[in-house]
Amino acid sequence: MTLEQKILHHLSEAVQAIYQTKTDTDQFNLQETRKEFEGQITVVTFPITEFSKKSPELTGEDLGNYLKTNVDEIVAFNVIKGFLNLVISDEYWFQQLKEIYSAPSYGILPKTGNKVMVEYSSPNTNKPLHLGHIRNNLLGYSVAEILAANGNEVIKSNLVNDRGIHICKSMLAWQKYGNGETPESSGLKGDHLVGKYYVIFDKEYKKQQDVLKAQGQSEEEAKKNAALIQEAQQMLQAWEAGDEPVITLWKTMNSWVYAGFEQTYAKLGVDFQKFYYESDTYLLGKDIIDEGLAKGVFFKKPDGSVWIDLTKEGLDEKLVLRADGTSVYITQDLGTAQLKYNDFGMDESIYVVGNEQDYHFKVLFLILEKLGKSWAKGLYHLSYGMVDLPTGKMKSREGTVVDADDLIDEMVATAKQRTEELGKVDGFSEEEKANLYQMIGMGALKYFLLKVEPKKRLLFDPNESIDFQGNTGPFIQYTHARICSVLSKADYAGTETFAYPGQLAETERDLLVNISQYPQVLNNASQEHSPALIANYVYDLAKLYNKFYHEAPILKSDDENLKTFRLALSAASAAVLKKGMNLLGIQVPERM
RNA sequence: GCCUCCAUAGCUCAGCUGGAUAGAGCAACGGUUUUCUAAACCGUGGGUCACAGGUUCGAAUCCUGUUGGGGGUACCA
């Protein structure tokens with residue numbers, strides 16, 4: 001039982017004893033005490049006046065007296081307006097440190113047996129990854145790690161969009177204008193090479209449209225009638241018919257892209273246990289359509305197309321199968337959802353996909369529910385906001401994107417420059433230096449993207465570099481390195497014993513209170529699917545540590561007892577910082 | 001048109017299921033190092049929480065409406 005639960009329990013008892021009213025613990029409201037008042041935990045007494053029929057102040061006095069005599073950990077209290085501030089004993093906080101310190105698995109919950117799949121990344125194989133994909137990848141990876149730390153068995157999956165008209169566009173443009181260019185011949189990373197032809201396609205396609213429009217065709221006609229798009233469509237049909245040369249070309253260009261993606265994924269530090277490919281799954285879902293028709297969930301229109309009527313749910317009628325019997329996006333997703341469940345039988349399935357697809361997933365989940373799929377209630381769309389530039393949306397076709405590889409390289413280069421300016425790499429080998437720059441550059445980038453609540457859209461200004469000071473990844477990494485430096489100077493092994501120093505300084509207590517909140521934060525982050533909660537927590541912790549570091553001498557402390565205590569406190573802080581950052585996919589250095 | 005998300009300091013963002021005087025960072029200004037890493041710490045200035053109503057002992061938070069912005073509303077994915 002946590003201290004909070006204990007207090008709630010006694011609060012309920014107190015109301016029973018003093019006001020003869022039966023209450024439930026969730027009728028009480030506990031919060032952190034604001035730092036201008038004495039105490040650590042605050043009871044809001046306004047709601048309780050309903051039972052006490054007294055003023056909030058007097059109610060607070062009553063409850064404070066009761067709690068103080070009945071809860072050992074509470075040594076004092078004060079009532080300010082309607083707020084009962086409880087002072088928890090320093091021994092209690094000290095005891096927390098003992099427990100945290102001796103538990104290497106602090107903050108890692110035991111296995112629950114719950115299995116959850118996190119699908120993320122899901123790239124198109126016709127262009128390289130950009131900043132928006134980075135956000136997706138980091139979010140997916142981090143949420144998966146957070147869920148795992150909460151005791152879930154996690155499967156990270158990636159549904160690769162490797163077919164469709166957009167892939168044919170790159171292929172066609174390469175065929176027409178590529179002159180046999182390969183990643184080897186040009187030295188271009190495979191995904192960038194393919195992306196280049198995607199852009200070329202669009203340019204040439206636009207040119208053709210302009211010619212047609214000049215001949216008097218409407219915008220729409222020109223779009224349909226341009227030779228290039230028609231060729232691309234023919235290519236798609238040939239692909240679906242299994243045409244050998246097209247398939248070979250497709251395989252070749254895909255392999256270039258995968259080689260490129262692999263590099264980018266490695267730099268991002270993300271991984272997957274299971275890959276699904278749309279080229280394998282695009283025909284799935286048709287049996288679900290039959291199932292839905294049989295169950296009367298879907299209906300057929302005279303032209304043969306299949307629909308679902310969701311007007312009762314406040315949505316529209318939605319097409320689920322074309323009149324010609326071919327599938328649409330949602331058909332495939334229905335089939336893939338079933339496939340994933342057949343493969344893994346997971347309890348929950350999380351789709352990390354941008355908020356432009358909110359409607360799609362609402363419909364998808366609703367359909368599966370209506371079909372009576374028992375697992376439909378475990379489906380969750382982790383919707384996140386787009387990454388915008390000051391000029392607006394990023395568009396691959398128009399080349400207005402922040403390329404993932406470029407940005408990563410830039411971040412690492414900046415990390416290198418900053419570190420060298422500060423002269424912090426004396427005695428580092430070349431390899432250590434490279435590692436450190438990588439760690440810091442990626443730390444800055446990852447923290448920058450993850451500290452913002454997922455559903456909010458994010459503004460990225462390429463002209464303003466991502467910070468390395470203040471509320472940033474490097475600040476937290478620095479704090480960790482700083483602690484490691486102290487520990488290493490003390491030859492600290494991490495197993496030393498320590499004793500209660502008699503009393504706690506304010507910064508020491510603040511740190512302890514914060515560290516002991518970590519499991520709760522981890523739980524919230526998991527429930528909310530929000531790495532941002534971890535990021536903000538870790539930042540607070542780093543700030544508190546630095547304050548402590550400035551105010552309290554550790555190695556210089558003349559009291560041996562105090563010194564061992566502060567070292568243990570430092571070690572615990574470093575451990576939690578590291579755990580939290582690792583959940584964000586960020587490594588922390590021991591020196592920087 | 002309809003649906004949906006968002007709006008907090010000059011900028012980027014926190015603010016847990018409604019609770020005390022709305023907090024950080026950046027930017028600006030000032031200070032701290034013969035002492036454990038100054039990517040740090042301390043301080044100053046900066047707010048009509050988009051606007052208007054409502055519910056409540058209490059609203060940045062909940063409800064309604066308005067304005068502004070994003071996204072969706074395709075036999076694209």
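We name chains A, B, ... by the order of the sequence lines, and we start the count at 1 in each one.
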Using the [atom1] atom as the point on both nucleotides, what is the distance between [M] and [N], in whole Å?
N	M	atom1	result
B:G19	B:C62	P	10 Å
B:C16	B:G69	C1'	27 Å
B:C2	B:G10	P	34 Å
B:G68	B:U8	C1'	16 Å
B:C41	B:C5	C1'	40 Å
B:U64	B:U56	C1'	16 Å
B:G71	B:G31	C1'	48 Å
B:U4	B:G47	P	35 Å

Can you check whether [X] has a side-chain N or O nearer than 4.0 Å to OP1 or OP2 of [N]?
X	N	answer
A:K362	B:C3	no
A:K455	B:U4	no
A:K81	B:G58	no
A:K424	B:U37	no
A:R34	B:G23	yes

Please determine, for the side chain of [X], which listed nucleotide ([options]) has the closest atom?
X	options	value
A:F475	B:C16, B:A7, B:A40	B:A40
A:P47	B:G69, B:A20, B:G19	B:G19
A:Y478	B:A20, B:C6, B:A39	B:A39
A:Y549	B:C36, B:A20, B:C41	B:C36

Residues in side chain to side chain contact (heavy atoms under 4.5 Å, CB included) with A:D303, at least two apart?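 In terms of side chain to side chain contact (heavy atoms under 4.5 Å, CB included), with neighbours along the sequence ignored, A:D303 is linked to A:K301, A:S305, A:A323.
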With sequence neighbours excluded, tell me which residues meet side chain to side chain contact (heavy atoms under 4.5 Å, CB included) with A:E278.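 A:L159, A:N161, A:D162, A:R163, A:T281, A:Q332.
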Could you tell me whether [X] contacts a base, only the sugar-phosphate backbone, or nothing, with contacts defined as non-hydrogen atoms closer than 4.0 Å?
X	result
A:L459	sugar-phosphate
A:T419	base
A:A481	base
A:M386	nothing
A:N126	nothing

So, using salt bridge (Lys or Arg N to Asp or Glu O under 4.0 Å) as the criterion, who are the partners of [X] when residues are at least two apart?
X	value
A:R34	A:E36
A:E50	none
A:K416	A:E420
A:E219	A:K213

Listed by chain and number, what are the side-chain hydrogen bond (donor to acceptor under 3.5 Å, both in side chains) partners of A:D324, not counting sequence neighbours?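 Partners of A:D324 by the side-chain hydrogen bond (donor to acceptor under 3.5 Å, both in side chains) criterion, ordered by chain and then number, come out as A:T326.
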Can you tell me how the ring of [X] sits relative to the ring of [Y], calling it parallel under 30°, perpendicular over 60° and tilted otherwise?
X	Y	value
A:F46	A:F83	perpendicular
A:F201	A:Y205	tilted
A:F448	A:F460	perpendicular

When you compare the side chains of [X] and [Y], does any donor N or O come within less than 3.5 Å of an acceptor on the partner?
X	Y	answer
A:Q417	A:E421	yes
A:H381	A:N355	no
A:S557	A:D559	no
A:D467	A:T472	no
A:S570	A:Y545	yes
A:Y478	A:N546	no
A:S12	A:T25	no

Quick one: [X] [atom1] to [N] [atom2], roughly how many Å, whole number?
X	N	atom1	atom2	value
A:F83	B:G19	CZ	C1'	4 Å
A:I476	B:A40	CD1	P	11 Å
A:M439	B:A39	CE	P	18 Å
A:E32	B:G23	CD	C1'	13 Å
A:Y384	B:G70	OH	C1'	15 Å
A:L544	B:A40	CG	C1'	14 Å

Within residues 552-561 of chain A, residues whose heavy atoms come under 4.0 Å of RNA chain B: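 Per residue number, the list reads A:A552, A:P553, A:I554, A:L555, A:K556.
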Establish, yes or no, whether the cationic atom of A:R135 lies under 6.0 Å from the six-membered ring centre of A:Y384 and within 45° of the ring axis.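 So A:R135 doesn't make the cation-pi contact.
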Could you spell out the base pairing of RNA chain B as a dot-bracket line? Use Watson-Crick and G-U wobble contacts where both distances are under 3.5 Å, [ ] for crossing pairs, | for partners on a different strand. (((((((..((((.....[...)))).(((((.......))))).....(((((..]....))))))))))))....
Between the protein and nucleotides 25-29 of chain B, list the N/O to N/O atom pairs that are separated by less than 3.5 angstrom.
from: B:G25; atom 1: O2'; to: A:N471; atom 2: N; distance (Å): 3.2

Sub-3.5 Å pairs of nitrogen or oxygen atoms, protein against nucleotides 30-33 of chain B:
none

RNA chain B: A:F37 or A:E528, which has the more 5' nearest nucleotide?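 Here A:E528 is the residue nearer the 5' end.
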Contact nearer the 5' end of RNA chain B, comparing A:F468 with A:Q31: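 Result: A:Q31.
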Confirm from the modelled atom types if A:T42 and B:A20 form a donor-acceptor pair under 3.5 Å, side chain to base only.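 In this structure, the two groups form a donor-acceptor pair.
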Below 3.5 Å between N/O atoms, which protein atoms pair up with nucleotides 73-77 of chain B? Just atom names and distances, please.
from: B:U73; atom 1: O2'; to: A:D316; atom 2: OD2; distance (Å): 3.2
from: B:C75; atom 1: N4; to: A:D303; atom 2: OD2; distance (Å): 2.5
from: B:C76; atom 1: OP2; to: A:R322; atom 2: NE; distance (Å): 3.1
from: B:C76; atom 1: OP2; to: A:R322; atom 2: NH2; distance (Å): 2.4
from: B:A77; atom 1: OP2; to: A:Y329; atom 2: N; distance (Å): 3.1
from: B:A77; atom 1: O3'; to: A:E278; atom 2: OE1; distance (Å): 3.1
from: B:A77; atom 1: O2'; to: A:N161; atom 2: ND2; distance (Å): 2.8

Inter-residue atom distance A:L382.CG - A:N136.CG, 0.5 Å rounding: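 One gets 8.5 Å once the value is rounded to the nearest 0.5 Å.
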